[in-house]
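I have placed the structure first, in the form of structure tokens, so that the comments after it can refer back to it.
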There are 2 protein chains.
Amino acid sequence: MLSKKTQYAFHALIYLAENVDKGPILISEIAQEKNISIKFLENILLELKNSGILGSKKGKGGGYYLMKPPKEIALAKIIRLLDGPIALLPCVSLNYYERCENCRDEAVCGLNEVMGRVRDSALKILENKTLKDILTKN
Amino acid sequence: MLSKKTQYAFHALIYLAENVDKGPILISEIAQEKNISIKFLENILLELKNSGILGSKKGKGGGYYLMKPPKEIALAKIIRLLDGPIALLPCVSLNYYERCENCRDEAVCGLNEVMGRVRDSALKILENKTLKDILTKN
DNA sequence: ATTTAGTCTATCTTTTTTATAGGATTTATG
DNA sequence: CATAAATCCTATAAAAAAGATAGACTAAAT
């Protein structure tokens, strides 16, 4: 399961995407609309900003906004950023690979092979679907 | 990612499946062969036994054994048993569903829809692949 | 009776997750 | 330039989960 952090991030990003035309959006507004703890959300948005997904403006009239159009932000990127590996096992992770401690040879491990396929099928969706694809409004 | 518990369970089950013909297998043997803490493994095998996946025999000549042929034990079952939901979000889980706290209507939520597809693609593999499919020996 | 091996439950430690606090910094504007 | 508004940043706390260990109990074989 995705962590609350990542779930909140998705909902916040959706809100930002649905309001791209309104300039910077307040953390407090997102928190209220999406029912998220404001202080927790603050940290999440900051992290997204430091990763280049979001931009921000301080002071009056400030807030957060998307740095790229929604259609260019893949869901996989958000998950990896906040949650880490998408794969079910370290030994099949593309971005967070770790050697298997329990089997002799990954190359001939059936578990490794099947979990690799699960990863591929998930990535096929998560790498191609973007923020744009999960919006309610168009 | 799957927990260590579930990862260990898979490796133990593989070992049991590869030695079905040898009668009950000792916890200590599995622990040694698969490089798993024996006491931790003890708890895991007990849980698998209490769920009907494994059987056991006490005393000399005792140990654990599979209750069903490897081809009848789906990978999804093991994961759900020890790790819980396979879905990435509570609101798309078939077995551990929880209502989404952050969106107005799941029926029109794009995130819900995409994550439902990710779940389906994972289940298509995990429900159909069995212990038999992940063995090294045939 | 003794040894062997699983059963059961409790506890402990560590890590991760979730959340909160509060001062620092930047910006708009009157 | 003072003030208010908003994000920035770091620390910490609280709770939950994960990972691991301990030890007494029960059942079976010989």
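Lettering of chains follows the sequences in order, A, B, ..., and the numbering in each one begins at 1. All values derive from a computational prediction rather than experimental measurement.
Under the 3.5 Å distance criterion, the side-chain polar atoms of B:Ser51 are matched with a main-chain donor or acceptor of B:Glu47. Distance alone, capped at 3.5 Å, is enough to place a donor-acceptor pair between the A:Asn102 side chain and the B:Lys34 backbone. Judged purely by atom type and a 3.5 angstrom limit, B:Tyr96 uses its side chain to pair as donor or acceptor with the backbone of B:Arg80. In this structure a side-chain-to-backbone donor-acceptor pair under 3.5 Å is missing from B:Asn128 to B:Ile125. The main-chain N or O of A:Ile79 is never found under 3.5 Å from a side-chain atom of A:Asp83 such that the two would form a donor-acceptor pair. Counting only distance, with no hydrogens or angles, the side chain of B:Glu106 and the backbone of B:Asn112 share no donor-acceptor pair below 3.5 Å. With B:Glu33 contributing its side chain and B:Tyr15 its backbone, the two residues share no donor-acceptor pair below 3.5 Å.
Atom CG of B:Asn50 is separated from atom P of C:dG6 by 14 Å (rounded to the nearest Å). Atom C1' of nucleotide D:dT7 and atom CD of A:Glu47 are separated by 16 Å, given to the nearest angstrom. As a whole-Å value, the separation of B:Ile44 CD1 from D:dT21 C1' is 13 Å. Computed from coordinates, the B:Met67 CE to C:dG6 P distance equals 16 Å when rounded to whole Å. For A:Tyr65 and C:dT27, the OH to P distance is 11 Å, given to the nearest whole Å. With rounding to whole Å, A:Glu101 atom CD is found 13 Å from D:dG19 atom P. If you measure from atom CG of B:Leu82 to atom P of D:dG19, you get 12 Å, rounded to the nearest angstrom.
Between B:Pro70 and B:Leu66 there is a side-chain heavy-atom pair separated by less than 4.5 Å. In this structure, B:Arg119 and B:Lys124 have side chains that are not in contact, with every pair of non-hydrogen atoms separated by 4.5 Å or more.
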- If the sugar-phosphate is the primed atoms plus P, OP1 and OP2 and the base is the rest, what is the B/S/- string for nucleotides 9-20 of chain C, using protein heavy atoms under 4.0 Å? B--------SBB
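Within the nucleic acid shown, A:Ile27 comes within 4.0 Å of sugar-phosphate atoms alone, with no base atom in reach, counting heavy atoms only. Here A:Leu26 lies in heavy-atom contact (under 4.0 Å) with sugar-phosphate atoms only.
With values rounded to the nearest 0.5 angstrom, A:Thr6 atom OG1 is found 8.0 Å from A:Ile44 atom CD1.
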Hey, what are the protein-to-nucleotides 27-30 of chain D N/O distances that come in under 3.5 Å?
residue: D:dA27; atom: O4'; partner: B:Lys58; partner atom: NZ; Å: 3.3
residue: D:dA29; atom: OP1; partner: B:Lys57; partner atom: NZ; Å: 3.4

Protein N or O to nucleotides 12-16 of chain D N or O, pairs below 3.5 Å:
none

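More than 12 heavy atoms of other residues, nucleotides or ligands shown are found within 6.0 angstrom of CD on B:Glu127.
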